[in-house]
Amino acid sequence: MSFFRSKCKSRRKICQLLRTVLVICLFTVSFSLTACRGKDAEGENRSFRKFTKEIFCQEVSSNTISIHYTLKNPEDYGIEEADPTFGTLALNAEQRLAAVENLEQAMGRFSYAKLNVQNQLTYDVLKYYLEGVKEDAEFIMYAEPLGLISGVQTQLPVVLSEYPLECREEIETYLKLLKTTPEYFESVIGFEKRKAEMGLFMSDDAAEQVMAQCQAFMNMGDQNYLISTFVERIEKIKELSQKEKSDYIKKNALMLNSYVLPSYHKLLMAIEQLKGAGSNEAGLCYYPEGKEYYEHVVQNAVGSRRTVREMQELTKKQMVEDMQRMEQAFAELKQHSGTAETKVEEVRETASLQVTAEVAPNPVSILKTLEKGIEKNFPSPPKTNVQVKYVPEAMQEHLSPAFYMIPAIDDYENNVIYVNEAHMGNHFTLFTTLAHEGYPGHLYQTTYYAGTNPDPIRNIFQFGGYVEGWATYAEMASYSLAPLKKEQAVILQCNSSMILGMYTLADIGIHYDGWSRDELGKFLAGYGLKDRGTADRIYDLILGSPGNYLKYYIGYLEFLELKKEWQQEKAGAFSQKEFHEAVLAVGPAPFELVEEYMWKIR
């Protein structure tokens with residue numbers, strides 16, 4: 001029995017693309033604090049929030065993208081507009097370590113026992129994050145800003161196309177920002193040259209894909225969506241005359257052709273020149289200390305202290321459980337319905353027809369259906385608006401099936417989801433994709449947490465395992481929300497889980513155990529995926545984005561483990577809504593802290 005379809009799935013969310021590592025600009029923080037000892041609890045908490053606000057403002061101010069994507073009204077936080085910049089890649093490990101030490105000393109001035117629960121959580125998250133930054137410093141040159149899934153070359157155009165333009169001042173800042181693109185790309189090229197000198201440059205296959213992505217963007221010509229989306233945004237600005245709008249449109253095109261596109265061309269030429277400098281065409285484990293780096297990558301990305309081997313075993317265990325549930329569901333489907341369906345594809349085709357018949361085949365209707373469907377088992381989200389947009393055809397090949405644009409923290413009511421129609425196989429695929437990106441996935445989790453009014457600093461930490469793990473958990477839950485028979489939902493949900501589990505094991509196999517293309521092919525063939533071309537594409541995808549699938553799948557499994565713990569503790573009083581409320585209230589954090597604080601914060 002063949003359980004798997006060959007199409008490789010990958011999702012991502014776009015968030016504060018060019019945010020620099022937290023500690024780069026924090027040297028002044030500890031010096032601006034007064035002594036904290038001797039204060040009562042109220043004063044201690046007030047001082048701590050002042051401390052975290054100062055960190056937040058300095059970090060957000062590090063580049064123009066961070067300011068305008070994190071805050072709609074930065075002036076409300078005392079942040080003044082600086083010269084537009086994308087920032088630069090920081091290469092100084094000693095500077096990072098010194099800044100971490102400086103910040104840790106500042107944190108040590110606070111009495112942890114006097115902090116309230118929310119501030120203790122923030123303290124613990126910051127402490128955990130800084131420990132990760134120290135580990136990052138050891139492997140600073142292993143990082144890859146030109147990743148195949150979430151690299152600068154693919155994300156920058158999308159981020160620019162969504163840059164908020166609501167007044168004349170924002171337009172002027174945006175146009176000045178475009179003019180700084182060469183400077184930022186020079187820092188990326190310099191970073192890649194340094195990697196090449198150290199024998200850490202990307203593989204030839206990855207280099208060719210990066211070049212193809214750059215070329216695809218350059219080939220758009222007059223149809224470039226940085227032109228069309230700019231026109232759409234400024235047409236809504238009432239303070240501008242038609243002549244001013246026309247002048248700005250021309251200036252935007254000039255900036256694009258004079259600075260952005262030449263930067264892409266220069267990047268393409270640099271990668272072409274460096275191609276062949278890489279010493280490794282296989283997984284990270286073939287680099288010096290590559291295994292140690294991979295373990296750091298996945299633990300940091302997931303937010304889990306589990307070793308790679310423990311994650312591997314957890315994955316295998318879940319896949320066995322999923323296989324058993326699928327086999328049982330097929331047997332029950334045959335017994336109860338007399339159906340002859342014995343393959344996942346047959347169940348999927350039937351399911352797509354059923355969903356199409358009962359849910360209008362458009363994203364807005366599906367999102368409304370999902371939002372209504374989660375009312376029983378998920379806490380009520382705040383009222384929000386969501387706009388669904390479509391990936392431009394020229395970039396469909398190079399962008400994910402869908403992605404959610406994180407809103408500004410002071411404007412979380414307005415949200416955008418992008419759908420890549422080239423990756424939508426059928427209506428049911430769109431249904432589960434929008435569950436991942438919308439309800440009860442990214443949009444729901446983001447806006448629910450924003451509605452709890454958290455410390456702003458919590459928004460600058462990136463815990464991919466929590467965020468993508470929750471979205472995957474939400475996607476799996478959506479199968480029971482679709483108009484399907486229980487057995488159909490179980491089969492399709494378990495199959496989806498097993499696909500992600502398979503890619504997770506492949507990720508570990510390639511980067512930790514050093515699998516070759518042939519070894520990956522044999523592994524995939526064992527699950528019914530025998531096409532060599534597909535296996536090679538999966539190999540290249542995983543090679544270019546180490547640990548990416550573990551964010552989704554191990555993050556998902558961590559939520560399942562937390563749910564088991566909650567069920568065991570609550571026994572007969574278990575409530576799914578109560579569990580969801582508990583983990584959502586904690587917000588993005590490493591899982592050891594989610595486990596601790598889900599019992600404390602509600």
Side-chain angles (χ1 to χ4, degrees), residues 6-12 139 141-155 188 191-192 195-196 198-214 271-272 274-302 308 311-312 315 397-401 464 468 499-525 527 529 531-554:
S6 61
K7 185 177 180 180
C8 178
K9 293 170 63 180
S10 170
R11 293 192 178 95
R12 65 183 169 87
F139 301 103
M141 294 310 301
Y142 285 77
E144 184 51 79
L146 301 177
L148 301 182
I149 292 178
S150 56
V152 170
Q153 74 281 5
T154 57
Q155 290 201 31
V188 174
F191 187 82
E192 294 296 338
K195 284 172 66 75
M198 299 176 65
L200 298 175
F201 189 66
M202 67 185 75
S203 68
D204 287 357
D205 286 335
E208 289 177 0
Q209 291 186 62
V210 170
M211 290 161 59
Q213 290 169 338
C214 291
I271 299 302
E272 184 174 33
L274 293 171
K275 180 184 170 185
S279 60
N280 180 19
E281 294 286 324
L284 288 178
C285 61
Y286 290 102
Y287 288 117
E289 298 183 281
K291 272 195 165 186
E292 292 81 358
Y293 175 60
Y294 180 71
E295 188 140 46
H296 165 67
V297 165
V298 297
Q299 288 180 336
N300 199 44
V302 175
V308 170
M311 294 181 188
Q312 189 179 47
T315 300
E397 180 184 353
H398 305 290
L399 292 177
S400 302
E468 296 299 351
I499 291 174
L500 282 174
M502 181 178 67
Y503 290 148
T504 296
L505 293 180
D507 199 312
I508 294 171
I510 291 169
H511 289 293
Y512 198 74
D513 294 323
W515 285 2
S516 65
R517 291 178 184 271
D518 286 341
E519 287 173 308
L520 176 65
K522 291 177 182 177
F523 168 75
L524 296 177
Y527 291 95
L529 210 165
D531 180 70
R532 181 54 187 259
T534 300
D536 282 343
R537 286 192 294 274
I538 293 173
Y539 191 93
D540 289 335
L541 181 65
I542 292 174
L543 200 64
S545 301
N548 184 60
Y549 281 107
L550 280 74
K551 283 190 302 186
Y552 295 80
Y553 195 67
I554 301 300

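All values reported here derive from a predicted model rather than from experimental measurement. Positions are given from 1, in the same order as the sequence printed here.
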Can you name the salt bridge (charged side-chain N to carboxylate O under 4.0 Å, His left out) partners of D536, sequence neighbours left out? R517, R532
Has the side chain of H511 got a donor or acceptor atom that lies under 3.5 Å from a matching backbone atom of G283? no
By the salt bridge (charged side-chain N to carboxylate O under 4.0 Å, His left out) test, which pairs, at least two apart or in different chains, include something from residues 285-298? none
Side-chain touch I508/L550, heavy atoms, less than 4.5 angstrom: yes
Check: Y553 and Y503 side chains under 4.5 Å, non-hydrogen atoms: no
On a heavy-atom basis, which atom in Y549 and which in T504 lie closest, and how many Å separate them? O-OG1, 3.7 Å
Are Y294 and D507 close enough, and set up right, to give a side chain to side chain donor-acceptor pair (under 3.5 Å), and what steps lead you there? CA-CA 10 Å; Y294 180 71; D507 199 312; 2.7 Å; yes
Side chain to side chain contact (heavy atoms under 4.5 Å, CB included) for M202 and L274? Distances and angles first, verdict last. CA-CA 9 Å; M202 67 185 75; L274 293 171; over 6 Å; no
Smallest heavy-atom separation, C214 atom then Q153 atom, equals SG-CB, 4.0 Å
With sequence neighbours excluded, residues passing salt bridge (charged side-chain N to carboxylate O under 4.0 Å, His left out) with E208: K275
Here the gap from S203 atom OG to D540 atom CG, rounded to the nearest 0.5 Å, amounts to 7.0 Å
Sequence neighbours excluded, which residues qualify as side chain to side chain donor-acceptor pair (under 3.5 Å) partners of S279? none
With K195 via side chain to side chain contact (heavy atoms under 4.5 Å, CB included) - residues at least two apart: M141, E144, F191, E192, L200
Judged by atom type as modelled, is there a donor-acceptor pair below 3.5 Å linking the side chain of E519 to the main-chain atoms of S516? yes
Once side chain to side chain donor-acceptor pair (under 3.5 Å) is applied, do any residues pair with N280, and if so which ones, sequence neighbours excluded? none
Carefully, step by step, assess E468 and V302 under the rule side chain to side chain contact (heavy atoms under 4.5 Å, CB included). CA-CA 9 Å; E468 296 299 351; V302 175; over 6 Å; no
Closest heavy-atom contact between L520 and A535? CD2-O, 3.5 Å
Return the set of residues passing ring-ring contact (aromatic ring centres under 6.0 Å, His included) with Y512 (not counting sequence neighbours), or none when no residue passes. none
To check you understand the geometry: which heavy-atom pair defines the closest contact between P546 and L284, and what is its length? CB-CD1, 3.6 Å
Plane angle bin for Y293 and H296 - parallel if under 30°, tilted between 30 and 60°, otherwise perpendicular: tilted
Sorted by chain and residue number, the ring-ring contact (aromatic ring centres under 6.0 Å, His included) partners of Y539 (sequence neighbours excluded) come out as none
Partner residues of Y287 under the ring-ring contact (aromatic ring centres under 6.0 Å, His included) criterion, sequence neighbours left out: none
Partner set under side chain to side chain donor-acceptor pair (under 3.5 Å) for E281, not counting sequence neighbours: none
Heavy-atom distance under 4.5 Å between the side chains of N548 and I542, does that happen here? no
Between D531 and T534: side-chain donor-acceptor atoms closer than 3.5 Å: yes
Contact summary for L543 and A282, nearest pair of heavy atoms: CD1-O, 3.0 Å
